[in-house]
Amino acid sequence: MDVTLSHFIQQVVSNPALAVTTLLTLGVIFVNGWTDAPNAIATCVTTRCLRVRPAVIMAAVFNFFGVFLMTHFNASVASTISNMVDFGTDTHAALIALCAALFSIVVYSVGASMLGIPTSESHSLIAGLSGAAIAIQGGIAGINMGEWVKVLYGLVASLLLGFGIGWLVCKAVTLICAGLDRRRANGFFTYAQIAGAAANSFMHGAQDGQKFIGVLFLGMAFCNGQSSVAGVLIPVWLMILCSTIMGVGTSVGGEKIIKSVGMDMVRLEKYQGFSADLSSAVCLLVMTVLGIPVSTTHTKTSAIMGVGAVRRLSAINFAVVRDMMLTWVFTFPGCGIISFVMAKLFMFLF
């Protein structure tokens, strides 16, 4: 399989389905960097460790390195995404179905936004790929349950591990720093939280960037007449392309999201913000190394809730928990059904 940049450009120019798939994938990566990446720096900004603009620039840089370096050294999340569905041996129809899956993500995201339903790009992607695979294979045979079960693990793990590690880290910090001068401790945690936010941005890129790299790489394989990407290494130029797009998307901003995650859910002090950042970064690192795709937003919000629970459970805004649950309830069936219908329609038309 030829994965050189020049060959890819030739294929994009000559194959409309790959061109649309590429544009949609890069568009979703840009939107993900714009709307999702600010979660990584939310606590850092709202505890006034950094102003918004420097924090956004830092997030953009570390998102870039997260996508590039983690994909280079451990592309297990991209592998999970690429292998969790089976589009069959007809690679032309598979590419059409993949295009439909990405288009369905856009349709669902726009519709959910208009209806006020919370969404997750990660869950939309997984649901979209699954719906298209079921459509093209005519049944559940389109799902590789050995890989798809990792998604289920991720749903539970991102919530329990994020909350649990957040609670443990914050409790430990509280006990260790109990006798310290508050002003000096705040000075330390200011810099520690900036480092934690950078680590979160890196891991956001490592998780979410890999998911979409896996999709685009799968599209390249279909265009080359291969039904899978097993045994083929992801080219460096593809890592650079996707990491750059995500970094640019992050640089656009996201102040409203920063306020929602960092202030509306739990009022945090600097040591709590550090605890939440460290906890979510550790959780995302473990999930990424294991090749388990998770929602970076849900992982971060779970860690913040764990930190808030150290003080008292009433410090948590459980409306955010409700939104997380609604995302699970609506996204998987909703986006999956739209993708199934779109895939059938696209295969009939093209």
Side-chain angles (χ1 to χ4, degrees), residues 35-50 52 55 59 118 120 122 154-180 182-183 185-201 203-204 207 254-287 294-328:
T35 63
D36 209 17
N39 292 315
I41 55 173
T43 51
C44 183
V45 171
T46 54
T47 55
R48 300 184 179 180
C49 293
L50 275 179
V52 173
S120 165
S122 299
L155 287 177
V156 177
S158 62
L159 184 61
L160 297 183
L161 278 182
F163 185 93
I165 296 175
W167 190 92
L168 289 172
V169 170
C170 189
K171 191 68 174 179
V173 168
T174 302
L175 294 174
I176 292 170
C177 299
L180 298 180
R182 188 177 183 86
R183 182 177 295 179
N186 275 340
F188 167 78
F189 284 117
T190 295
Y191 294 103
Q193 195 176 348
I194 292 172
N200 262 267
S201 298
M203 291 314 305
H204 171 268
Q207 260 284 334
E255 295 185 34
K256 184 177 180 181
I257 296 168
I258 290 172
K259 179 179 180 297
S260 175
V261 173
M263 296 179 66
D264 292 349
M265 186 163 52
V266 181
R267 296 286 179 172
L268 299 176
E269 296 184 39
K270 286 182 172 62
Y271 78 93
Q272 294 173 309
F274 164 74
S275 300
D277 288 341
L278 177 62
S279 304
S280 58
V282 169
C283 185
L284 288 172
L285 176 61
V286 172
M287 295 297 101
V294 298
S295 168
T296 54
T297 302
H298 289 182
T299 304
K300 180 64 177 284
T301 51
S302 297
I304 293 175
M305 286 188 290
V307 167
V310 171
R311 184 188 301 169
R312 61 185 186 279
L313 287 176
S314 59
I316 303 171
N317 183 351
F318 284 96
V320 178
V321 182
R322 180 201 62 198
D323 284 349
M324 289 172 60
M325 299 303 173
L326 286 176
T327 302
W328 296 352

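As the structure is a prediction and not an experimental result, all values here were calculated from the model.
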Which atom names give the shortest non-hydrogen contact between [X] and [Y], and what distance separates them?
X      : Y      : answer
Val307 : Gly166 : CG2-O, 3.6 Å
Leu161 : Met287 : CD1-CE, 3.7 Å
Gln207 : Val294 : OE1-N, 3.2 Å
Ala199 : Ala281 : CB-CB, 4.0 Å
Met203 : Leu285 : CE-CA, 3.4 Å
Cys283 : Gly162 : SG-N, 4.0 Å

Return the [atom1] to [atom2] distance between [X] and [Y], rounded to the nearest 0.5 Å.
X      : Y      : atom1 : atom2 : answer
Thr174 : Gln272 : OG1   : CD    : 7.5 Å
Arg48  : Gln193 : CZ    : CD    : 13.0 Å
Leu159 : Met305 : CG    : CE    : 6.0 Å
Ile304 : Ser275 : CD1   : OG    : 11.5 Å

Testing Thr299, Thr297, Asn200, Thr296 one by one against Ser280 for a side chain to side chain donor-acceptor pair (under 3.5 Å), which residue passes?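 Exactly one pass, corresponding to Asn200.
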Under 4.5 Å between any side-chain heavy atoms of [X] and [Y], yes or no?
X      : Y      : result
Cys177 : Phe189 : yes
Asp277 : Lys300 : yes
Cys44  : Ile194 : yes
Tyr271 : Cys170 : yes

